[in-house]
Amino acid sequence: MTVQAVIGGQWGDEGKGKIVDLLTSRAEVVARYQGGDNAGHTVVNPYGTFHMHLIPSGIFSSEVTCIIGNGVVVNPQRLIDELVVLRQHKISIERLFISEAAHVILPFHPILDQLEEESRGNSSIGTTHRGIGPAYTDKAARVGIRMVDLLDEEILLSRLTQMVNAKNRLLTKVYNHPPLSLHEIYLKYLEYGRQLAPHIRDTRQILMQALREDKRILLEGAQGTMLDLDFGTYPYVTSSSPSIGGACTGLGIPPARIQRVMAVCKAYCTRVGAGPFPTEAEDEIAEGLRERGHEFGTTTGRARRCGWFDAVAARYVVDLNGVNSLAITKLDVLDEEPVVRICTGYRLNDAVVDYVSTSQLLWESLTPVYEDMPGWQSSTRQVRAFEDLPEQAQTFLRRIEEIVGTPIAIISVGPKREESIIRQTVF
Ligand code: IMP
C-alpha cells in the first residue's frame, strides 16, 4: 500500500498537473487537499488539452476515484463548468466526490478579494481575485457555508441570511459597493446544490475505506510550499497550506499513512504576484524563460516573474515536507541557455546563509549566490532516458540532487505525457 503526495516545491505553477496526470495511470484514488480555483493546470492528454482549476487530473483515468477534500474552497459555478467540459469529451464524472465539509465560495468573496487588494495600495499581494482569501477567512471565523449546507433549503437560507446581511453591511458601509441580493444568491446556490448533490459525500470515509483496501492513493497539492500560509513568504502567500500538513487537515488522512512525498520543481523558478523572489532574473533572461516556458498564468493570464533554480528554497521545501523525491519539470525550457545557474546560498550583509527566513525584512535584503554551469544548447525534447541527456544537463541535474539532498525521480522535457524521463517508479 502506498500513499504518495505530490506537492508544489516552489511558488506554484511547477507543472504538478502533468506529474499527477502521469502518476495517475498507477493510482486508484487521487485526492486534492487545499486551495480553490486560484490554481490552474493544463493537462495535455489523448482526450485533448484541458485547463482545470478544481477537479484533480486523475479524472482522465477511467478507474480512478477523484476527491476534492474538505480543505479545498469550492466555487460551484467553476466546478460545474469543468464538469460540463468533461461530459462533452465523454469523460466519466461519476467517480468524482466532493467533501461535504468543503467550504463554498460565495459571490461576495471575489468582490471582497478585489476590494481588499485595492485598499492595500502599494502593498497588494497580487491575488488571483478568485475570493480564496475571503472564503478561508469566513471558514476560520466560523461563518462559512459548506457544501453540505447547499443540500438543505432551511439551513442554507438561515446561514446565508446571516452572512449576506453582514457582508452587505461591509460592502455598502466600508467599500461603498452596492449590496448583493440574498434571494438571488439563495436560489442560485440551492440550484448548485441540486446539480452537485450526487458528488457530495463524506470523503474522509471514502479515503479510509481506500486505506483499508490498500489502494494506491495520490494526494494532490495546489500552489507551492513557498506560498504556504505559515511557511511561505508571508504575507505574500495564499490562504491555505500547500505543504504536507495541509494534506492531513485538508483530507482527514493520518500523517503516518503518508509514506512518500514528491516535490515538483521547475528547472528554473517562477512566481506570480508580489513578494520576495530572490533568484528573479534580469529582464532579458526572464523574458527568454517566459517566452520559451509560456510563463503566463492558467488562471489569470498574468505574466509570471522568472528566474533561476533556487536550491536553498528547494532544500527548505524538502526539510519541511519530508520530501523523498523530486520531479524536475520544463528542463527543455533551458535548452538554449549558454549558461545555467543554481542558487546555492543567500548573501545577507557580509555573510552567506543557506537557509530560508520567515521574516519579510530578511527576505527582501538578501541576494542570491549562484553556481554557474555551461548550458547544453541542444534539444532535450526527444530524450527518454537520463543517460541520453546531454552531459551538461546531466551535470546540472546531479548538482541539484546533491545540493538539495534528494533524488530526482521524474524529469519532464515537454508538456505531453510521453515527454518524460522516469528514473524511479512511484507506486
Ligand atoms: P490567492 O491565492 O488568489 O489569494 O493569491 C495569493 C498569492 O498566491 C498571489 O501571489 C497569487 O499569485 C498566488 N497564487 C495563487 N494561486 C496560485 C497558483 O496556482 N499558482 C501560482 N501562484 C498562485
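Only a predicted model underlies this, so the values are computations on that prediction, with no experimental measurement involved. Numbering of ligands and ligand atoms starts at 1, following listing order.
- Distance check, rounded to the nearest 0.5 Å: CD of E284 to CD of E282 gives 8.5 Å.
- By the neighbour-count criterion of 12 heavy atoms within 6.0 Å, atom CD of E184 is sparsely surrounded, having that number or fewer from other residues, nucleotides or ligands.
- Remark: of the listed residues N70, L150, L151, I200, I200 is the sole one forming a side chain to side chain contact (heavy atoms under 4.5 Å, CB included) with E100.
- By the side-chain hydrogen bond (donor to acceptor under 3.5 Å, both in side chains) test, W376 pairs with D335, sequence neighbours left out.
- Residue pairs satisfying the side-chain hydrogen bond (donor to acceptor under 3.5 Å, both in side chains) criterion with at least one member in residues 264-275, sequence neighbours excluded, are listed as follows: T233-R271, K266-T270, K266-E295, Y268-E295.
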Could you go through ligand 1 and list every pair where one of its N or O atoms sits under 3.5 Å from a protein N or O, giving the atom names and the distance to one decimal?
from: ligand 1; atom 1: 2 (O); to: N38; atom 2: ND2; distance (Å): 2.8
from: ligand 1; atom 1: 2 (O); to: T238; atom 2: OG1; distance (Å): 2.6
from: ligand 1; atom 1: 3 (O); to: T128; atom 2: N; distance (Å): 2.9
from: ligand 1; atom 1: 3 (O); to: T128; atom 2: OG1; distance (Å): 2.6
from: ligand 1; atom 1: 10 (O); to: V272; atom 2: O; distance (Å): 3.2
from: ligand 1; atom 1: 12 (O); to: G126; atom 2: O; distance (Å): 3.3
from: ligand 1; atom 1: 12 (O); to: V272; atom 2: O; distance (Å): 3.2
from: ligand 1; atom 1: 12 (O); to: R302; atom 2: NH2; distance (Å): 3.0
from: ligand 1; atom 1: 16 (N); to: Q223; atom 2: NE2; distance (Å): 3.1
from: ligand 1; atom 1: 19 (O); to: N38; atom 2: O; distance (Å): 3.4
from: ligand 1; atom 1: 20 (N); to: D13; atom 2: OD1; distance (Å): 3.0
from: ligand 1; atom 1: 20 (N); to: D13; atom 2: OD2; distance (Å): 3.4

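- Listed by first then second residue, pairs satisfying ring-ring contact (aromatic ring centres under 6.0 Å, His included) with a partner in residues 61-102 read F50-H89, not counting sequence neighbours.
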